[in-house]
Number of protein chains: 2
Amino acid sequence: MQLSDFHKDFVLHFGEMGSRWGIARTVGQCYAVLFLSDAPLCADDLVEALGVSRSNVSISLKELQAWNIVRLRHVQGDRRDFFTVPEDMWEIVRTLVEERKKREIDPTLTKLRDLRMAEPSEADAYAHGRVTELHDLIETMTGFYDELSHLETERLVAMIRMGAKLKKFIAGSAKVLPLKSKTTEG
Amino acid sequence: MQLSDFHKDFVLHFGEMGSRWGIARTVGQCYAVLFLSDAPLCADDLVEALGVSRSNVSISLKELQAWNIVRLRHVQGDRRDFFTVPEDMWEIVRTLVEERKKREIDPTLTKLRDLRMAEPSEADAYAHGRVTELHDLIETMTGFYDELSHLETERLVAMIRMGAKLKKFIAGSAKVLPLKSKTTEG
DNA sequence: CATAAGTTTCAGTAATTTCTGAAACTTTGG
DNA sequence: CCAAAGTTTCAGAAATTACTGAAACTTATG
């Protein structure tokens with residue numbers, strides 16, 4: 001499992017981006033190697049490819065599995081665990097969004113719901129209003145997300161590719177739908 | 001600037017979530033305090049409210065400004081710098097998405113473009129294909145994002161609230177538009 | 001049940017990131 | 001130009017997170 005220069009370039013980039021994406025360097029690199037690989041790989045393949053410790057790879061693979069973005073695969077006649085990444089990239093995107101929502105949004109949604117419940121004292125009136133507004137906004141967005149997430153990939157992609165056409169449809173409906181906004185200011 | 005229990009609860013949550021959101025604890029807490037505040041606050045208000053060092057607040061405010069999510073405000077007859085968060089939450093969301101795209105996606109887009117350019121050796125053929133596919137996918141998504149980002153907030157929100165109605169429109173168009181997918185070639 | 005092939009755990013170390021406090025710097029008004 | 005009020009910088013301390021290597025554990029097979 002020596003990596004070609006092409007592979008290395010990609011893999012190192014994923015390692016560097018890791019910290020921005022909220023994952024450890026090795027986790028990003030493991031993912032990158034699996035992403036580029038035609039065939040399923042075992043932990044030792046990754047150790048060799050990346051030159052990191054076996055335990056590091058083991059933990060990184062666990063994390064990737066926790067994220068649901070690598071899959072365990074068993075190879076006929078081999079006792080070792082092998083891993084792959086789904087072929088379908090839209091599937092990958094879906095999972096990534098879902099998992100990030102789970103980690104980065106859902107806990108806050110819960111907290112906002114709780115805070116909103118509390119009967120605010122005089123001094124907290126403004127803050128309570130802000131919390132309420134934020135909670136409503138996030139619910140609106142996650143509601144939209146939930147609807148999209150149930151679409152078949154084909155339709156979702158169709159929509160994404162639609163772009164400008166979508167705009168026109170919205171433009172038409174916007175006149176009809178009552179909008180909740182800070183009164184037209186101009 | 002003593003924080004009420006209500007404020008504290010919110011602020012501590014933002015601090016804890018910070019690491020998941022890719023910001024330091026104090027950065028998250030500063031933002032939270034500003035978010036809940038009716039009036040603009042100066043650095044020392046935050047020092048007092050959070051019990052952290054002046055320099056920490058200073059750096060945190062710089063980071064928040066780098067993210068474009070707090071604004072410098074000058075108060076009549078006061079030499080100090082004051083800070084606020086935009087009132088309009090959709091504005092905040094736009095900025096957040098824009099900045100995260102800049103940090104988490106754009107560098108990878110550049111890298112993928114470069115890798116795609118390279119003429120792949122025999123051994124890199126599969127990997128090169130994966131890179132190409134990933135590049136196409138991200139361009140499709142950022143293209144869609146660019147279009148949406150130019151919509152006025154009113155229309156954007158109208159669209160998000162539309163949900164189910166949007167589905168029907170897509171369903172109709174999907175039959176008409178040629179879809180690029182695994183099963184259907186050219 | 002013994003062994004070998006493989007995986008996981010964990011205590012300690014290394015690396016990185018965040019935070020502090022003091023010093024340096026900037027700006028305004030006299 | 002000086003003094004006062006404010007802001008920024010930065011070297012080192014503290015805290016957190018990532019990584020290693022060795023030991024413990026698991027499981028398939030003779």
Side-chain angles (χ1 to χ4, degrees), chain A residues 1 11-34 40-67 70-84 103-104, chain B residues 1 11-34 40-67 70-84 103-104:
Chain A
M1 276 295 320
V11 167
L12 291 180
H13 176 80
F14 265 55
E16 283 164 17
M17 291 299 288
S19 56
R20 300 195 187 193
W21 296 338
I23 55 176
R25 188 169 66 238
T26 311
V27 176
Q29 291 184 345
C30 285
Y31 186 80
V33 172
L34 289 169
L41 301 177
C42 70
D44 282 322
D45 292 334
L46 294 169
V47 168
E48 202 193 334
L50 301 174
V52 297
S53 73
R54 183 52 227 270
S55 56
N56 193 359
V57 167
S58 178
I59 287 170
S60 298
L61 285 169
K62 266 192 140 181
E63 172 137 13
L64 288 168
Q65 285 174 279
W67 273 83
V70 310
R71 286 180 193 154
L72 188 57
R73 281 262 235 109
H74 282 109
V75 167
Q76 182 67 291
D78 197 319
R79 269 174 63 188
R80 295 170 298 178
D81 288 347
F82 282 77
F83 300 88
T84 57
R103 288 167 175 74
E104 301 181 10
Chain B
M1 277 291 325
V11 167
L12 291 181
H13 177 81
F14 265 55
E16 282 164 19
M17 291 299 287
S19 56
R20 301 196 186 193
W21 296 338
I23 55 176
R25 188 170 66 238
T26 312
V27 176
Q29 292 184 344
C30 285
Y31 186 81
V33 172
L34 289 169
L41 300 178
C42 72
D44 283 322
D45 292 335
L46 294 170
V47 169
E48 202 193 335
L50 301 175
V52 296
S53 73
R54 183 52 228 268
S55 56
N56 192 358
V57 166
S58 178
I59 288 171
S60 298
L61 285 169
K62 267 194 139 180
E63 172 136 14
L64 287 168
Q65 283 174 280
W67 274 84
V70 312
R71 285 183 192 151
L72 188 57
R73 280 263 234 109
H74 283 109
V75 168
Q76 181 68 291
D78 197 318
R79 273 173 62 188
R80 295 169 298 177
D81 288 346
F82 282 77
F83 300 88
T84 57
R103 288 166 175 74
E104 300 181 11

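Chain letters run A, B, ... following the sequence lines, proteins first and then strands; every chain starts at 1.
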> For N56(A) and dT13(C), what is the distance between atoms CG and C1' respectively, to the nearest whole Å?
Replying inline: 14 Å
> Taking CZ from R20(A) and P from dT17(C), how many angstroms apart are they, rounded to a whole number?
Replying inline: 11 Å
> Which heavy atom in C30(A) sits nearest to a heavy atom in L64(A), and how many Å separate them?
Replying inline: CB-CD1, 3.9 Å
> Looking only at heavy atoms, which two atoms of Y31(B) and V70(B) are closest? And how far apart?
Replying inline: CD1-CG1, 4.0 Å
>> Can you give me the closest heavy-atom contact between V47(A) and V52(A), atom names plus distance?
In response: CG1-O, 3.3 Å
> Would the number of heavy atoms belonging to other residues, nucleotides or ligands and lying under 6.0 Å from CZ of R73(A) be above 12?
Replying inline: no
>> Distance check needed: dT27(C) P versus L72(B) CG, whole Å only.
In response: 13 Å
> Starting at NE2 of H74(A) and ending at P of dA5(C), how long is that distance when rounded to a whole Å?
Replying inline: 18 Å
> Between L41(B) and D45(B), what is the shortest heavy-atom contact and its length?
Replying inline: CA-OD2, 3.5 Å
> In the 5'-to-3' direction, what one-character label does each nucleotide of nucleotides 6-17 of chain D receive under the scheme B = base within less than 4.0 Å of a protein heavy atom, S = sugar-phosphate only, - = no such atom?
Replying inline: SSBBB-------
> What residues, two or more places apart in sequence or in another chain, satisfy ring pair (Phe, Tyr, Trp, His ring centres under 6.0 Å) together with F14(B)?
Replying inline: F10(B), W21(B)
